[in-house]
There are 2 protein chains.
Amino acid sequence: MDTTATVREQILDHAITLMMLHGYNGFSYRDLSELVGVKTSSIHYYFPSKEDLALEAVNEYSNQIFGLLRAVDASLPADVKLARYTKMFGRTLGDGNQICLCGMLAADIGSLPDNIRAAVQAFFKTNESWLAKVLAQGLKERTLVVNGKPESAARALFAAYQGSGLASRLFQTKTRLEEIEALWKVSK
Amino acid sequence: MDTTATVREQILDHAITLMMLHGYNGFSYRDLSELVGVKTSSIHYYFPSKEDLALEAVNEYSNQIFGLLRAVDASLPADVKLARYTKMFGRTLGDGNQICLCGMLAADIGSLPDNIRAAVQAFFKTNESWLAKVLAQGLKERTLVVNGKPESAARALFAAYQGSGLASRLFQTKTRLEEIEALWKVSK
DNA sequence: GTCTATACCGGGATAGAC
DNA sequence: GTCTATCCCGGTATAGAC
């Protein structure tokens, strides 16, 4: 296994983390430069503008998450899939000081160009349609409680995850994430 | 009726709007200076530091929202109260380019001092406990569907509102807010 | 209370040597 | 590809006149 990360990859990874911590307007090329150990001008070599960097960060982040979604075994019952999703979302919160990159950029969207908006929208839509399928399955299996249409409920559910990410960090507790999942479980 | 706003009030109001649009790191004293029509040094006279300004903005915003919550007639059925809340939350989104100030500052919390964090936490808690009471009432009346304890469900519900605020702006549609409310209504 | 002037730092970005 | 050097702007903040 090759553990060598190129400079470009390091920049992208640190950019993702920094934005999850402080948002688009809350990190600088200088911060990155210190983390990666190259000068800011070298970062401009790979990513001419900060917006270029942010766009590629969203794409890289999205691909990582989409890979995790695909890795969820299709044959599992819906309530178990939802539990996996909750766990995955919890992992993106890291030590409790970061939130989902695309949730963060949705907050910063007023400062961002259209191509980044489109990329963030795509992230939302993919998550929502994955969740919609799980809810539809849970409805059929009777393993999940779904009030209304799966597509509409999935959008509300994803919003709840994003909002809970905010609250989890604000209050420094992950219990708020688990409360989301509980709402859709069939009461015992 | 006195329509005269003091300079101090104007600064605070514009600061609230600017932060709802662009976040704490996305607006400047210069922006404010142009909107209010005074020099940046005059703003420092009222609010020595940017953090002072943000803290007072949160308190002012919170008081406005809390006033609206108190104004909801206690004798209404729970589902109607929830509809009022949805409408109120929708109004805070304005023309569709802003989100709840405290949702925004929750995203920016990694750049903010403890006193602001505490103020944002207080905003969350007040909204959550207001919603918890409504859910408890709806449970008794059988006008709302509540899965689990009202307190826990209320935290999830408020998270869903915050997340839907993000999504509403991202996709430039308010239908996502209404989808939240629909989930808690008793199916017809 | 509001202004002018200014300090001082940090921001993104570019030119050009190596 | 990475560096040094530099540009130019914008950021918060302060001193002091009026």
Side-chain angles (χ1 to χ4, degrees), chain A residues 2 4-58 60 101 104-105 107-117, chain B residues 2 4-58 60 104-105 107-116:
Chain A
D2 188 2
T4 309
T6 67
V7 169
R8 195 194 144 87
E9 286 163 354
Q10 288 183 64
I11 294 170
L12 216 41
D13 283 353
H14 279 113
I16 290 172
T17 303
L18 283 176
M19 280 194 277
M20 291 170 80
L21 287 167
H22 298 120
Y24 179 80
N25 292 313
F27 86 102
S28 70
Y29 273 57
R30 190 171 303 191
D31 298 331
L32 274 175
S33 141
E34 286 162 10
L35 286 169
V36 179
V38 296
K39 298 297 174 179
T40 62
S41 51
S42 299
I43 303 176
H44 280 285
Y45 169 78
Y46 294 104
F47 307 96
S49 79
K50 197 181 181 185
E51 288 176 353
D52 295 327
L53 173 56
L55 179 61
E56 297 216 40
V58 173
E60 169 65 20
L101 176 63
M104 180 62 91
L105 293 184
D108 289 336
I109 206 69
S111 317
L112 297 168
D114 266 352
N115 55 2
I116 296 182
R117 181 189 289 257
Chain B
D2 188 1
T4 309
T6 67
V7 169
R8 194 194 144 88
E9 286 162 355
Q10 288 182 65
I11 295 170
L12 215 42
D13 284 353
H14 280 113
I16 290 172
T17 304
L18 283 176
M19 280 194 278
M20 290 171 81
L21 287 166
H22 298 120
Y24 179 79
N25 292 313
F27 85 102
S28 70
Y29 273 58
R30 191 172 300 190
D31 297 332
L32 274 175
S33 139
E34 286 162 10
L35 286 168
V36 179
V38 297
K39 299 296 173 180
T40 62
S41 51
S42 298
I43 303 175
H44 279 285
Y45 169 77
Y46 294 103
F47 307 97
S49 79
K50 197 180 181 185
E51 288 174 354
D52 295 328
L53 173 55
L55 179 61
E56 297 216 41
V58 173
E60 169 64 21
M104 179 62 92
L105 294 184
D108 290 336
I109 205 70
S111 319
L112 297 168
D114 266 352
N115 55 0
I116 296 182

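Letters go in sequence order (proteins before strands), and every chain restarts at 1.
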Please check the phosphate of [N] (OP1 and OP2 only) for any side-chain N or O of [X] closer than 4.0 Å.
X	N	answer
B:Ser42	C:dG1	no
A:Arg30	C:dG12	no
A:Ser28	C:dG10	no
B:Lys39	C:dC3	no
B:Tyr45	D:dA13	no

Report task. Take atom CD1 of B:Ile43 and atom P of C:dG1, then tell me their distance rounded to the nearest Å. Result ->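 So the CD1-P distance, B:Ile43 to C:dG1, works out to 15 Å.
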**Report entry** Interatomic distance where NE2 belongs to A:His44 and C1' belongs to D:dC7 [whole Å]
**Finding:**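 Atom-to-atom, A:His44 to D:dC7, this comes out as 12 Å.
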Query raised in the report: Does NZ or CZ of A:Lys50 come closer than 6.0 Å to the centre of the six-membered ring of A:Phe27, within 45° of the ring's axis?
Result: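 Because its charged atom sits under 6.0 Å from the ring centre and within 45° of the axis, A:Lys50 does stack over A:Phe27.
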Just call it for [X]: base, sugar-phosphate, or nothing, with non-hydrogen atoms closer than 4.0 Å on any strand.
X	value
B:Ser41	base
B:Tyr29	sugar-phosphate
B:Phe47	nothing

Requested in this report: State the dot-bracket string of DNA chain C. Criteria: Watson-Crick or G-U wobble, both atom distances under 3.5 angstrom; notation: ( ) intrastrand, [ ] crossing earlier pairs, | interstrand, . unpaired.
Outcome: ||||||||||||||||||
Query raised in the report: Out of C:dT2, D:dT12, D:dT2, which nucleotide sits closest to the side chain of B:Tyr46?
Result: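 From the listed options, C:dT2 comes nearest.
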Report task. Kindly point out which of D:dA13, C:dA13, D:dG1 is positioned nearest to the side chain of B:Thr40? Result ->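 Of the options given, the side chain of B:Thr40 lies nearest D:dA13.
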**Report entry** Near-strand residues of residues 11-23 of chain B, defined as heavy-atom separation under 4.0 angstrom from DNA chain D
**Finding:**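 Result for residues 11-23 of chain B: none.
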